[in-house]
Amino acid sequence: MIHSRRTFVAALIATALLAAGTGFWVAHEREQGDNRRDFTLTDAEGREVSLATFQGKWALLFFGYTNCPDVCPTTLLNIANTLKAMGPAADTLQPVFVTIDPERDTPAVLKDYLANFDPRIVGLTGTAGQIAAMAKSYQVFYRKQPLDGGGYMMDHSSALELISPTGLYMRAFRPDDDPEDFAEELRAAMGEKR
Amino acid sequence: MALTALLPVVARAEIKIEKPWVRETIGAGKITAGYGKITNTGDDSDILLSVTTPVAATAELHQSMDKGGRMTMAPVARLEIPRMGAVELKPGGYHLMIMNVTRPLKPGEKVSLVFTFMHAGAVTVAADVLPVSASAP
């Protein structure tokens, strides 16, 4: 029974805190669940892979396509140089190039393309639906840009996405031109264990 | 008589293309990128209007851009080369998008590129074809 306004206000605050606390707990749990973003794709050897395939190592996902004349070769070269700059820490990092142009980038095309860079970089493709599902999970934008005279280019997200060895989504990185700087950022992010 | 004193001094552009290079084509790919440094040692600016090459149907000037986390490319119709200045075509920025290549381009070859400028006219260079993992000549 409410005897005074003070008691009423105290009760109100207590209820609000309890609700907020519960709400926070529920949201946190949901976040943890959401952070395991599974996918089904195909590697350059034609084998089916999923998030579990990469368990045990940090996975660094990045998105592009082999018909990209300028940016994607540059990105792949930067990743290769970053791996070198990381030294032994690179042993626990798995760079993964995911095509957002599955129409043209078949496993054979990916294999041939990636052979020009670092053998540690894995290539993934899939059906249009599988790529779309993955892009949705990881919030990757991609869009065809038709060319006069036929053919098309692709606009796409430039962020690199880090996944922990237990398959939890960790964070995105903006592309960094400097392999030494990026190596530092990656080593720091990988220092957190989950 | 010093008639020459009556002639106006004409500002001119002096265009050169330094270290032009083209990335090799990969597998059955019909598209690749071309780069180089366009220098203007003249005292008048010039404008790059178009580029052609005998090894491909088209060579358009494009600019790669990261717009708020999205990579995109936009065609560049006219590129100004400032007086006593330079503009560099390099990975991640301005580049030639060389499309519908007529045959594979392999490292070690040279490819002819013809740059046409508003004032300087046609400037022809022999670009080196470099491996796909090259970032600079």
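All values below come from the heavy atoms of this structure, side chains included, with hydrogens, waters and symmetry mates left out. Every chain is numbered from 1 and lettered A, B, ... according to where its sequence line falls, protein lines coming before strand lines.
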Report task. Please determine, by modelled atom types, if A:Tyr152 and A:Asp101 share a side-chain donor-acceptor pair under 3.5 angstrom. Result -> yes
Report task. Is it possible for you to check whether A:Arg104 lies under 6.0 Å from the centre of the six-membered ring of A:Tyr65, through NZ or CZ, and within 45° of that ring's axis? Result -> no
Requested in this report: Report yes if the distance between the aromatic ring centroids of A:Phe97 and A:Phe62 is under 6.0 Å, otherwise no.
Outcome: yes
Query raised in the report: Is the side chain of A:Asn116 donor-acceptor paired with the backbone N or O of B:Val132 at a distance under 3.5 Å, no angle test?
Result: no
**Report entry** Leading residue by heavy atom contact count with chain A [cutoff under 4.5 Å; candidates B:Arg23, B:Lys90, B:Met99]
**Finding:** B:Arg23
Requested in this report: Counting only heavy atoms closer than 4.5 Å, note whether B:Glu60 contacts chain A via side chain, backbone, both or neither.
Outcome: neither
Report task. Please state whether the side chain, the backbone, both or neither of B:Ala57 comes within less than 4.5 Å of a heavy atom of chain A. Result -> neither
Query - Proximal component of A:Leu147, with respect to chain B [non-hydrogen, under 4.5 Å] - result: side chain
Query raised in the report: Under 4.0 Å between a Lys/Arg side-chain N and an Asp/Glu carboxylate O for A:Glu103 and A:Lys144?
Result: yes
Requested in this report: Give a yes or no answer on whether the side chain of A:His156 reaches the backbone of A:Phe63 with a donor-acceptor pair at less than 3.5 Å.
Outcome: yes
Requested in this report: Test the A:Arg171-A:Tyr169 pair against the cation-pi criterion, namely NZ or CZ under 6.0 angstrom from the six-membered ring centroid and within 45° of the ring axis.
Outcome: no
Query raised in the report: Does A:Asp112 use its side chain to pair, donor to acceptor, with the backbone of A:Val109 at less than 3.5 Å?
Result: no
Query raised in the report: Of the backbone (N, CA, C, O) and the side chain (C-beta and beyond), which part of A:Phe117 lies under 4.5 Å from a heavy atom of chain B, both, or neither?
Result: side chain
Query raised in the report: Cut-off 3.5 Å, side chains only: do A:Asp70 and B:Tyr35 have a donor facing an acceptor?
Result: yes
Query - Within residues 101-129 of chain B, residues adjacent to chain A where the heavy-atom gap is under 4.5 Å - result: none
Query raised in the report: Listed by residue number, which members of residues 61-73 of chain B have a heavy atom under 4.5 Å from any heavy atom of chain A?
Result: B:Ser64, B:Asp66, B:Gly69, B:Arg70, B:Met71, B:Thr72, B:Met73
Query raised in the report: Is there a donor-acceptor pair closer than 3.5 Å between any side-chain N or O of A:Ser164 and the backbone N or O of A:Thr166?
Result: yes
